[in-house]
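Report on the following structure.
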Amino acid sequence: MISLFFKEVNSFFSSIIGYVVIAVFFLIIGLLMWVFPDFSILNYKYATLEQLFDVAPMVFLFLIPAVTMRAIAEERHQGTIEFLYTKPVTSWQIVLAKFLADWFLVAVALLPTLLFYYSVYQLGLPKGNLDSGAIAGSYLGLLCLAGAFTAIGLFASSLTTNQIVAFLLAALLAFIFYWGFDFMSRLPVFVGRVDDIVQMLGIDYHYRQISRGVIDSRNILYFASVIIAFLAATRLNLDKLRG
Amino acid sequence: MSVKVRELTKIYGTQRAVDNVSFEVQKGRILGFLGPNGAGKSTTMKMITGFVRPTAGRVFVAGIDVSEKPLLAKQKIGYLPEHNPLYLDMYVKEYLSFVAHIHRIKDVNRRVAEKIEQTGLTREQHKKIGMLSKGYRQRVGLAQALLHDPEVLILDEPTAGLDPNQLVDIRRLITEVGRQKTVILSTHIMQEVQAMCDRVIIINRGRLVADEPIEQLTAKAQGEAIIRVEFKTQVPVQKLEKLDGVKAVEAEAGHHYRIRTDGRDIREDLFRMAVQNHWVILSLAREQFSVEEVFHQLTQNANG
């Protein structure tokens, strides 16, 4: 499985994909945090990384589907999935290796944003006046959210041989899981009855909980279940190819 | 027995893609898998390799039940799928190392170098697979299948789409490695079967229609001959059938007749009969009966 993981990671960094993902993410977040006056920290005048954690999920909403879209769709299109399945590896290993590799790439894309943390830390008045605990929590939340999106993206990629379809499906599913439940909970049918439960089905709710810096096992459990559910569905989908 | 297939059946929807197929192959033998397109060759091979799950029946590779211990069985199988799927953006050496790691081969570099040499890829080893010609890609596919030194090689149309030179090279390579392994290869080129295989299995519409050594199949071919004759006028088929050695007579369009014999050349007798009856012969020819004809017959009969 380790060799499968490295093969995936290598495919990102031996092609342009890995670098583009990292650059695009850094650029968008950088522009929003420092340049565009509507969002810029320099105008906001508070030493926080709120912009990063507010905007990153939206960027992930299209960036992660772009990372995951080829993962399985391409293997199906090229027929290499048959090659993998006739090698001594299990279908869980194949799915898990792809998941971890894609998640890893997103995590690497997050790394450069630590630079922003350092900058804001330095700019604070007095220096270092920012809530590091909450920021650490937010990073963890962001990683969890990225994991959920990656699992969703892999699932979408396993549904089709067409990468564009995989991308759009992944974006749609991720959107539904991120905001969809939140919006739905405001439907008159649910309000006052089960709106809190519907809201808790969505990623946004749990992301915000973790971001506050209070790490509750229930939120972690939520992300773990979403990830496992989508990976299991992905595996099931792949197994269907075997007739 | 190196490969044992027992009553293998695969049903897709209502269609029986493979229907109750059983056969065995011994070590050191090359088995040719023949059949028209869509006959179920690939499906059978996919089931042997454990990719497609059979609806019924079992496959044993080197004594291991493929559906019971898939991982162990896969270590024993080298498989070249139809169309030879490869990661086109990987380098030859990188790809083979990756495969070696999957198989947990200990001395990866040495083994990869060895197979690169064996398959004649030395000059291409630093190229991207996507840059290679079809013949070289086929070699990469073979190198990948041979890398873990499997007992059984399953090759699904290994020579499809190659030019004559590449064809000869790949065939030589397969016969070479086939001496120590069990090889099952599918093809629809008859000469290939005659040139490489010890035994032939012909499959049609999912069913096994022939399973015999290549000599027997060619003997069968020699056991029959076809005489084609064209008369000026209609002649009674019954009279032709009375000739010695005639097995069957088919009347074709325009006073053409196709006479199947038990191998004898009846042209002279036919000529005398025609003279006696004042039939005018316009043309008379004997057809070479080949493995191709046997194949044609076996797969045609089953169709009708």
Side-chain angles (χ1 to χ4, degrees), chain A residues 1-21 66-67 69-98 100-102 105 157-158 161 163 235-243, chain B residues 10-13 15 17-18 42-43 45-55 61 66-67 69-91 94-95 97-105 108 128-130 140-141 144-145 147-148 150 154 156:
Chain A
M1 203 194 101
I2 298 159
S3 45
L4 283 174
F5 171 78
F6 280 116
K7 184 222 139 219
E8 295 293 323
V9 172
N10 274 342
S11 79
F12 291 134
F13 293 106
S14 67
S15 69
I16 198 168
I17 301 170
Y19 307 101
V20 170
V21 166
V67 171
M69 67 178 189
R70 71 193 275 278
I72 294 167
E74 168 93 346
E75 300 254 12
R76 284 184 59 179
H77 185 71
Q78 298 280 350
T80 42
I81 195 75
E82 183 174 351
F83 159 83
L84 280 182
Y85 262 88
T86 48
K87 290 287 156 200
V89 285
T90 63
S91 38
W92 265 120
Q93 287 175 321
I94 296 171
V95 172
L96 213 58
K98 285 187 180 292
L100 291 176
D102 290 3
L105 175 64
S157 183
S158 77
T161 56
Q163 295 190 24
R235 183 183 159 262
L236 220 65
N237 245 326
L238 281 181
D239 264 15
K240 263 197 280 175
L241 295 178
R242 302 170 59 199
Chain B
K10 179 71 200 178
I11 301 173
Y12 286 114
Q15 204 203 343
V18 175
S42 285
T43 310
M45 293 185 128
K46 283 181 211 281
M47 283 194 281
I48 297 174
T49 56
F51 178 56
V52 169
R53 264 188 296 250
T55 312
V61 171
V66 172
S67 45
K69 291 184 178 151
L71 291 195
L72 204 62
K74 283 169 190 175
Q75 285 282 20
K76 309 267 182 200
I77 302 174
Y79 177 41
L80 177 67
E82 196 181 3
H83 311 310
N84 187 18
L86 296 165
Y87 295 106
L88 301 181
D89 49 5
M90 281 176 105
Y91 293 90
E94 178 196 16
Y95 171 68
S97 302
F98 162 61
V99 178
H101 279 293
I102 289 188
H103 279 290
R104 298 168 196 279
I105 287 168
V108 169
K128 270 196 176 179
I129 295 174
V140 176
Q144 162 273 123
L147 203 61
H148 53 295
I154 312 279
D156 199 350

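Just so it is clear: chains get the letters A, B, ... in the order the sequence lines come, proteins before strands, and each one is counted from 1. Keep in mind that this is a model prediction, so the values were computed, not measured.
Residue B:Met47: no heavy atom, backbone or side chain, is found under 4.5 Å from chain A. Using a 4.5 Å cut-off between heavy atoms, A:Leu84 touches chain B through its side chain atoms alone. Only the side chain of B:Leu88 comes within less than 4.5 Å of a heavy atom in chain A; its backbone stays farther off. Looking at B:Ile102, both its backbone and its side chain come within 4.5 Å of chain A, counting heavy atoms on both sides.
Within the model, atoms OG of A:Ser158 and CD1 of A:Ile81 stand 9.5 Å from one another, a figure rounded to the nearest 0.5 Å. Note: A:Leu4 CG to A:Phe6 CZ = 11.5 Å, rounded to the nearest 0.5 Å. Here A:Leu238 contributes atom CG and A:Ile72 contributes atom CD1; the two are 5.0 Å apart, rounded to the nearest 0.5 Å. Atom CZ of A:Phe5 sits about 9.5 Å away from atom CG of A:Asp102, to the nearest 0.5 Å. Residue B:Ile48 holds its CD1 atom at 4.5 Å from CD1 of B:Ile154, rounded to the nearest 0.5 Å.
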Check chain A against chain B and list any donor-acceptor pairs under 3.5 Å.
residue, atom, partner, partner atom, Å
A:Glu75, OE1, B:Tyr87, OH, 2.7
A:Glu75, OE2, B:Tyr87, OH, 3.1
A:Glu82, OE1, B:Lys46, NZ, 3.0
A:Glu82, OE2, B:Lys46, NZ, 3.1
A:Glu82, OE2, B:Tyr79, OH, 2.5
A:Tyr85, O, B:Lys74, NZ, 2.8
A:Lys87, NZ, B:His103, NE2, 3.2
A:Lys87, NZ, B:Gln144, OE1, 3.0
A:Asp239, O, B:Arg53, NH2, 3.2
A:Arg242, O, B:Arg53, N, 3.1
A:Arg242, NE, B:Phe51, O, 2.8
A:Arg242, NH2, B:Gly50, O, 3.0

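Across every non-hydrogen atom of A:Ser157 and A:Ala71, the tightest pair is OG-N, 3.8 Å.
Here A:Tyr19 pairs with A:Phe13 under the ring-ring contact (aromatic ring centres under 6.0 Å, His included) rule; sequence neighbours left out. B:Ala100 meets the side-chain contact (heavy atoms from CB on, under 4.5 Å) test with B:Ile105, B:Val108, B:Val112, B:Leu147; sequence neighbours excluded.
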